[in-house]
Amino acid sequence: DCFVRHNEPNIGQAAVKVLEAAGFTVSLLTGRACCGRPAFSTGRLDVAKAFGEKNIALLADSSTPVVFLEPSCYAMFAEDYRELGITGAESIAKRCFLFEDFMADLLSREPEALAFNDTPMQTAIHGHCHAKSLGGTSTMTALARAIPNNDVAMLDTGCCGMAGAFGSMAKKYELSKQVAAPLLEQVDALDAETTLVASGTSCRHQITHLGSKAPVHMAELLAERLR
């Protein structure tokens, strides 16, 4: 995710901390292009395909799992590259995982892979639209509940209203706020001590801009609770 690399490196650092604690060796793909989501979402399919072809070529000679922190980027690799007809996209898609799905699967097989402290806490989760459409949010709750004494609630929310660059456009701003209103109502009703998790970049920024809480990524939640 370009935004994590350049604007929220703390999220990437947290993910590396968690993955390494679980015994994995982590490397960043060098020379890669943007996933193509901004271009794809605005109809620039030629640009998105060119980015995708570069990224697929860089991954073609490996069998290593590819873990994503941003659901929108994950969706490009898992689904949209195939729709664009990029050669090799099908096999690469099988190696791609959202961070939450990857870690939840690991802990379901190896519950002792990570050690957490057991201080009581409360966590509320807002699920990203792409995560919902490509597999659901059950792994997010399962992963958060792997932390001992964590009272976890999945918020019954829809789109945050940001949708990439949509909510940043002056002519769409008021509509974006209207879409976000049901989510913000639930966020503002949370207890002060409840940690809010939102794994999408757009979601985090919309909630921070309009709501009463600053959400964290799931990787940050796990990293903070490592023993």
Side-chain angles (χ1 to χ4, degrees), residues 1-5 8 11-29 32 35-37 52 55-56 59 62-83 89-116 123-147 150 152-160 195-204 215-226:
D1 175 15
C2 296
F3 204 92
V4 167
R5 286 195 182 211
E8 296 179 295
I11 294 175
Q13 292 163 356
V16 170
K17 180 179 178 180
V18 172
L19 288 163
E20 289 184 341
F24 293 99
T25 298
V26 182
S27 60
L28 295 177
L29 184 65
R32 94 286 183 270
C35 71
R37 170 60 59 192
N55 291 329
I56 293 298
L59 293 167
S62 172
S63 59
T64 303
V66 186
V67 178
F68 293 81
L69 298 173
E70 169 58 48
S72 294
C73 298
Y74 166 70
M76 289 299 297
F77 282 74
E79 183 175 72
D80 299 319
Y81 284 174
R82 290 185 287 181
E83 292 183 3
E90 186 74 35
S91 60
I92 298 299
K94 296 175 182 177
R95 292 167 41 204
C96 294
F97 304 90
L98 268 179
F99 173 84
E100 291 88 346
D101 296 341
F102 187 81
M103 295 307 304
D105 178 67
L106 171 68
L107 293 178
S108 71
R109 293 180 286 104
E110 302 178 36
E112 306 303 318
L114 291 174
F116 298 104
T123 300
I125 302 171
H126 164 66
H128 190 282
C129 292
H130 279 123
K132 292 175 182 176
S133 67
L134 290 174
T137 56
S138 60
T139 54
M140 295 188 72
T141 53
L143 185 55
R145 286 172 179 154
I147 300 173
N150 190 12
V152 181
M154 174 61 70
L155 298 180
D156 184 15
T157 53
C159 178
C160 71
T195 299
L196 176 62
V197 171
S199 290
T201 295
S202 295
C203 302
R204 287 193 302 277
V216 301
H217 191 281
M218 182 67 76
E220 295 180 291
L221 178 75
L222 298 182
E224 178 65 25
R225 295 301 299 238
L226 285 175

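Quick caveat: nothing in here was measured; it's all calculated off a predicted structure.
At distances below 3.5 Å, at least one donor-acceptor pair connects side-chain atoms of Glu220 with backbone N or O atoms of His217. Side-chain atoms of Arg95 never come within 3.5 Å of backbone atoms of Val67 as a donor-acceptor pair (strictly under, hydrogens ignored). Between the side chain of Arg82 and the backbone N or O of Ala78, at least one donor-acceptor pair lies under 3.5 Å. Remark: side-chain polar atoms of Glu70 are paired, donor with acceptor, to backbone N or O of Thr201 under 3.5 angstrom. Within the 3.5 Å criterion, the main-chain N or O of Cys73 finds no donor-acceptor partner in the side chain of Arg37. With Thr141 contributing its side chain and Ser138 its backbone, the two residues share a donor-acceptor pair below 3.5 Å. A donor-acceptor contact shorter than 3.5 Å links the side chain of Asn150 to the backbone of Ala144.
Minimum interatomic distance between Pro215 and Ala198 (heavy atoms only, all atoms of both residues): CB-CB, 4.0 Å. Residues Val18 and Ala219 share a closest heavy-atom pair of CG2-O, 3.8 Å. Contact between Pro71 and Leu98 at its shortest, heavy atoms only, is CA-CD2, 3.7 Å. Shortest non-hydrogen contact noted between Leu114 and Ala22 is CD2-N, 3.7 Å.
Interatomic distance, Leu59 CG to Cys96 SG, rounded to the nearest 0.5 Å: 7.0 Å. Ile125 contributes atom CD1, which lies 9.0 Å from atom CG of Leu196 (distance to the nearest 0.5 angstrom). One distance of note links CZ of Phe116 with CG of Leu107; it measures 6.0 Å at 0.5 Å rounding.
The closest side-chain donor-acceptor pair between Glu100 and Thr139, if any, does not fall under 3.5 angstrom. Side-chain contact, Ser199 with His128: no donor N or O sits under 3.5 Å from an acceptor N or O. Under the 3.5 Å distance criterion, with hydrogens and angles disregarded, a donor-acceptor pair is assigned to the side chains of Asn55 and Tyr81.
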| said: Could you walk me through whether Leu106 and Met103 satisfy the side chain to side chain contact (heavy atoms under 4.5 Å, CB included) test, starting with their C-alpha distance in whole Å, then the side-chain angles of each, then the deciding distance to 0.1 Å, before giving a yes or no? | reply: CA-CA 5 Å; Leu106 171 68; Met103 295 307 304; 3.8 Å; yes

Where do Ile147 and Leu221 land on the side chain to side chain contact (heavy atoms under 4.5 Å, CB included) test, with the steps shown first? CA-CA 9 Å; Ile147 300 173; Leu221 178 75; 4.0 Å; yes

| message | Evaluate Met140 against Leu143 for side chain to side chain contact (heavy atoms under 4.5 Å, CB included), listing each step before the verdict. | response | CA-CA 5 Å; Met140 295 188 72; Leu143 185 55; 5.9 Å; no

Practice prompt. I would like to know whether Tyr74 and Val66 meet side chain to side chain contact (heavy atoms under 4.5 Å, CB included); could you show each step before the answer?
Written response: CA-CA 9 Å; Tyr74 166 70; Val66 186; over 6 Å; no

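Taking the six-membered ring for Trp and the full ring otherwise, Phe77 and Phe68 have centroids separated by under 6.0 Å.
Side-chain atoms of Arg204 and Ile11, non-hydrogen and from C-beta on, do get closer than 4.5 Å to each other.
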